[in-house]
Amino acid sequence: MIKKALIACRTGMGSSMMLKIKVDQVVRAKSFPLEVQHSTLDDVKSFKGDLLITMADVADELKGQVPYIIGINNLMDKKEIETKLQAFFDSQE
């Protein structure tokens, strides 16, 4: 079953766009069943998906507002992204 993720940051510009590119690369490389959307934090409340991916400092602020949240410390670190996505999928089984 394909899961839905939202990648968001405060403005929906620089950091989240870079993060979306890296997440897309990991999703393709690992064949994760994940559909990725990109937006601003304003859209988090209306997002009906399974997973929010954002920067670690923002993730701390949003805990409890979404079913599952991943906070990324280094948006260029594909290994961190892969490890945290794998943990998400493992928790869904």
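We use all heavy atoms of the structure for the numbers below, so side chains are in, but hydrogens, waters and symmetry mates are not.
In this structure, R28 does not pair ionically with D24, as no charged nitrogen and carboxylate oxygen lie closer than 4.0 Å.
Here ring pair (Phe, Tyr, Trp, His ring centres under 6.0 Å) pairs that include residues 71-93, with residues two or more places apart or in two chains, are F32-F89, Y68-F88. Among residues at least two apart or in separate chains, side-chain hydrogen bond (donor to acceptor under 3.5 Å, both in side chains) pairs with a member in residues 56-65 are R10-E61.
Distance check: I81 CD1 to Q86 CD gives 14.0 Å after rounding to the nearest 0.5 Å.
Side chain of T54 to backbone of A8: a donor-acceptor contact under 3.5 angstrom is found. In terms of modelled atom types and a separation under 3.5 Å, the side chain of K22 and the main chain of D77 share no donor-acceptor contact. The backbone N or O of N74 sits less than 3.5 Å from a side-chain atom of E80, completing a donor-acceptor pair.
Minimum heavy-atom separation, C9 to S16: SG-OG, 3.1 Å. When all heavy atoms are compared, the tightest approach of A59 to I69 is CA-CD1, 3.5 Å.
Looking only at side-chain heavy atoms (C-beta outward), L41 and L62 come within less than 4.5 Å of each other. Side-chain contact between K84 and N73 is present, with at least one heavy-atom pair separated by less than 4.5 Å.
Applying the side chain to side chain contact (heavy atoms under 4.5 Å, CB included) test to F47 and every residue at least two apart in sequence or in another chain returns K4, L6, Q37.
Evaluated for a side-chain contact (heavy atoms from CB on, under 4.5 Å) with I7, the options I21, I53, L75, L51 yield exactly one hit, I53.
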